[in-house]
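Sharing a structure, written as structure tokens. Questions coming.
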2 protein chains.
Amino acid sequence: MTQMQNTREKLIKKAFQEIYRNGFQGTRIDIVLNKTGVAKGALYHHFKDKNELGYAVVDELLTNMTIQTWIQPFENAQNPIDELIATIDNIFTKPTKQIIQTGCPLNNLAQEMSTVDEGFRKRIDKIYSLWRSSIADALTKGQSKGFVREDIESDKVATFIVASIAGCLGAGKNSRDINVLKDCGHSLINYLDSLRC
Amino acid sequence: MTQMQNTREKLIKKAFQEIYRNGFQGTRIDIVLNKTGVAKGALYHHFKDKNELGYAVVDELLTNMTIQTWIQPFENAQNPIDELIATIDNIFTKPTKQIIQTGCPLNNLAQEMSTVDEGFRKRIDKIYSLWRSSIADALTKGQSKGFVREDIESDKVATFIVASIAGCLGAGKNSRDINVLKDCGHSLINYLDSLRC
DNA sequence: TATAAAACAGACGGACTGGTCGGTCAATTT
DNA sequence: AAATTGACCGACCAGTCCGTCTGTTTTATA
């Protein structure tokens with residue numbers, strides 16, 4: 001019973017790493033098994049099939065990662081634009097090797113799988129929706145506090161911000177050039193500054 | 001000799017469609033063969049292996065598609081911002097079903113494969129570099145013509161524009177929601193407007 | 001038309017892959 | 001103590017999939 005949580009979590013964590021490196025379609029069940037030391041029967045005891053394992057990675061890992069990195073910071077933010085810029089600056093100008101070489105795990109999976117499998121698409125879309133509405137809310141609150149221009153539409157701008165962050169991280173990964181990432185971050189921050197009152 | 005071009009081109013075109021739908025790793029050689037009516041021996045006469053077929057799709061198809069859609073319009077443009085907005089408006093507010101459901105073929109492949117295989121990454125990066133420098137050049141020329149703000153750095157802004165376009169198309173695909181695409185396009189156009197003199 | 005080279009055909013190899021299935025064992029329940 | 005539960009095991013299977021190999025046909029050239 002206690003072991004169950006361990007095995008299940010172990011599988012999800014390792015599956016995430018493999019998916020992050022090789023994509024979902026490039027991930028091999030046997031490799032996940034080898035690297036965790038879990039037997040095949042155990043995996044198929046916890047998950048119906050390979051897809052369900054992937055879904056669990058999205059639902060139970062990527063969701064939390066996104067919340068921690070991009071959503072939590074807003075919870076107690078005074079000025080949403082300051083907070084956004086701080087987060088972006090932190091990730092874009094001091095990127096880990098992981099980020100430059102492998103990009104954003106959510107975006108990678110999204111671009112690979114949302115065309116191929118509807119189960120992935122819906123789950124990933126849920127995360128993006130959450131992220132968008134978190135930023136939209138923060139912007140709206142920022143407007144009433146007088147931090148954000150009144151003439152912008154929070155929803156639309158939030159959608160654009162999320163899309164741009166994903167796009168910039170993707171561009172950084174493709175080029176493997178830290179300057180591309182920095183340039184993107186720089187322009188993105190300029191844009192965010194333009195939203196101030 | 002004439003047949004050779006036909007067979008080769010036929011394979012590349014069909015491989016592109018399969019890759020666009022299923023990703024490269026999800027593409028099956030046998031399916032490409034069935035759908036073209038080409039025999040396996042013929043394919044392996046023209047291409048060393050599956051990767052080489054994929055590389056040919058990038059070099060010979062995606063490159064031209066990108067040039068036609070995103071680069072050619074600038075060749076004779078007076079005001080680069082007008083031209084950019086026109087192109088974006090055209091694609092984002094009147095998107096084909098293809099674009100909403102399957103996104104940008106270049107970006108899909110980029111996000112899937114640039115982590116997995118260096119051959120793909122380099123080829124794809126080449127296309128993005130071309131695209132970026134095309135926009136950067138146009139912006140710089142636009143500055144000397146007095147259409148574009150003097151205080152922006154063309155290179156950085158071009159990098160951001162390309163990344164944002166890719167990000168917005170990806171966001172549209174994930175959500176399968178035409179409004180997401182439109183909202184993104186709207187905000188992107190606002191940003192481009194802010195670059196005018 | 002003879003000859004060589006290029007293009008094409010498709011059966012086959014065999015490593016690999018996702019998934020199955022009968023069985024074990026320790027912990028709970030009755 | 002007997003019965004039951006459920007996590008876990010790992011050999012095995014059926015099917016997949018890339019790539020090879022042995023020809024045959026077509027085309028170019030002399």
Side-chain angles (χ1 to χ4, degrees), chain A residues 1-60 109 112-113 115-120 123, chain B residues 1-60 109 112-113 115-120 123:
Chain A
M1 188 61 79
T2 56
Q3 199 58 24
M4 165 191 148
Q5 283 301 328
N6 270 330
T7 301
R8 208 186 126 88
E9 267 178 38
K10 222 192 299 178
L11 287 169
I12 290 177
K13 279 181 185 165
K14 188 56 71 179
F16 164 74
Q17 289 175 16
E18 290 297 308
I19 292 170
Y20 190 21
R21 269 228 97 72
N22 309 309
F24 179 76
Q25 302 190 92
T27 290
R28 300 293 159 234
I29 295 284
D30 285 344
I31 303 288
V32 175
L33 261 18
N34 280 343
K35 293 196 175 175
T36 48
V38 172
K40 193 163 263 192
L43 187 149
Y44 281 94
H45 174 74
H46 289 289
F47 304 98
K48 184 178 139 272
D49 55 21
K50 191 189 173 191
N51 274 12
E52 291 291 332
L53 173 61
Y55 295 164
V57 169
V58 179
D59 292 336
E60 298 171 37
L109 193 60
E112 179 196 1
M113 292 306 294
T115 330
V116 174
D117 181 273
E118 187 67 6
F120 274 104
R123 285 171 170 80
Chain B
M1 187 57 83
T2 56
Q3 199 56 23
M4 165 191 149
Q5 285 299 328
N6 270 331
T7 301
R8 208 186 126 88
E9 267 179 37
K10 223 192 299 179
L11 287 169
I12 291 177
K13 279 181 185 167
K14 187 57 70 180
F16 163 74
Q17 289 174 15
E18 290 297 308
I19 293 171
Y20 190 20
R21 269 228 95 71
N22 310 309
F24 180 76
Q25 300 189 95
T27 290
R28 301 296 159 231
I29 293 285
D30 285 343
I31 303 288
V32 175
L33 260 18
N34 281 343
K35 292 196 176 175
T36 49
V38 171
K40 194 162 264 195
L43 188 150
Y44 280 94
H45 173 73
H46 289 289
F47 303 99
K48 186 177 137 269
D49 55 22
K50 191 189 173 191
N51 274 13
E52 291 292 332
L53 173 60
Y55 295 164
V57 168
V58 179
D59 291 335
E60 298 170 36
L109 193 61
E112 178 195 1
M113 292 305 296
T115 331
V116 174
D117 181 273
E118 188 66 6
F120 274 103
R123 285 171 172 80

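Numbers restart at 1 for each chain; the letters A, B, ... are given by sequence-line order, proteins then strands.
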**Study point:** Donor-acceptor contact below 3.5 Å, side chain Lys10(B) vs main chain Gly37(B)
**Key:**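 Looks like no, no N/O pair under 3.5 Å.
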
Review point. How do Tyr44(A) and Gly41(B) order along DNA chain C: which one's closest nucleotide is nearer the 5' end?
Key: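 Between the two, 5'-proximity favours Gly41(B).
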
Review point. Are any non-hydrogen side-chain atoms of Val57(A) and Tyr20(A) less than 4.5 angstrom apart?
Key: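 Counting from C-beta outward, Val57(A) and Tyr20(A) never come under 4.5 Å.
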
Check your understanding: So do the side chains of Lys40(B) and Ile29(B) get within less than 4.5 Å of each other, counting heavy atoms only?
Key ->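 Yes, their side chains come closer than 4.5 Å.
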
Point to revise | Estimated bend of the helix from dT1(C)-dA30(D) to dT30(C)-dA1(D) (axis per five terminal pairs, rounded to 10 degrees) | key: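 Taking five pairs per end, the axes differ by 10°.
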
Review point. Can a side chain N or O of His45(B) be found less than 4.0 Å away from OP1 or OP2 on dA9(C)?
Key: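 So the side chain of His45(B) is outside the cut-off, no N or O lying under 4.0 Å from OP1 or OP2 of dA9(C).
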
**Study point:** Rounded distance in Å - CD (Glu52(B)) to P (dG19(D))
**Key:**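 Roughly 10 Å, once rounded to whole Å.
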
Practice item. For Arg123(B) and Gly119(B), indicate whether the former's side chain and the latter's backbone hold a donor-acceptor pair under 3.5 Å. Key: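 Yes, Arg123(B) side chain to Gly119(B) backbone: donor-acceptor pair under 3.5 Å.
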
Exercise for review: Rounded to the nearest angstrom, tell me the gap between atom CZ in Phe47(A) and atom P in dT20(C).
Suggested key: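 Atom-to-atom, Phe47(A) to dT20(C), this comes out as 15 Å.
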
Review point. For Ile29(A) and dT20(C), what is the distance between atoms CD1 and P respectively, to the nearest whole Å?
Key: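 Ile29(A) atom CD1 is separated from dT20(C) atom P by 11 Å.
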
Exercise for review: Would you kindly give the CG-to-C1' distance between Leu33(A) and dC16(C), to the nearest whole Å?
Suggested key: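 Distance, rounded to whole Å: 15 Å.
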
**Study point:** dT16(D) OP1/OP2 closer than 4.0 Å to side-chain N/O of Arg28(B)
**Key:**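 No, outside the criterion.
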
**Study point:** Interatomic distance, Asp49(A) CG vs dG15(D) C1' [rounded to whole Å]
**Key:**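 It works out to 16 Å between those atoms.
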
**Study point:** Side-chain touch Phe16(A)/Leu109(A), heavy atoms, less than 4.5 angstrom
**Key:**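 SC-SC contact between Phe16(A) and Leu109(A) ruled out.
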
Review point. Any side-chain heavy-atom pair from Phe24(A) and Asn51(A) closer than 4.5 angstrom?
Key: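 Heavy-atom side-chain distance check passes, below 4.5 Å.
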
**Study point:** Base dG19(C) paired with Lys50(A) side chain (donor-acceptor, <3.5 Å)
**Key:**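 Under the 3.5 Å cut-off, the side chain and the base do not form any donor-acceptor pair.
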
Check your understanding: To the nearest angstrom, how far is Leu53(B) atom CG from dC17(D) atom P?
Key ->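 Rounding to the nearest Å, CG of Leu53(B) and P of dC17(D) are 16 Å apart.
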
Check your understanding: Using a cut-off of less than 4.0 Å, is there contact between a side-chain N or O of Thr7(B) and OP1 or OP2 of dC8(C)?
Key ->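 So the side chain of Thr7(B) is within the cut-off, an N or O lying under 4.0 Å from OP1 or OP2 of dC8(C).
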
Review point. So, is His46(A) close to the dC8(D) phosphate, meaning a side-chain N or O under 4.0 Å from OP1 or OP2?
Key: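 Checking His46(A) against dC8(D): at least one side-chain N or O falls below 4.0 Å of OP1 or OP2.
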
Review point. Rounding to a whole Å, what distance do you find between Asn51(B):CG and dC17(D):P?
Key: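 Rounded to whole Å, this separation is 16 Å.
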
Review point. Going by heavy atoms in the side chains, are Met113(B) and Gln25(B) under 4.5 Å from each other?
Key: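 The answer is yes; the side chains approach within 4.5 Å.
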
Exercise for review: Take atom CG of Leu43(B) and atom P of dG19(D), then tell me their distance rounded to the nearest Å.
Suggested key: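 Those two atoms, CG and P, are 10 Å apart.
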
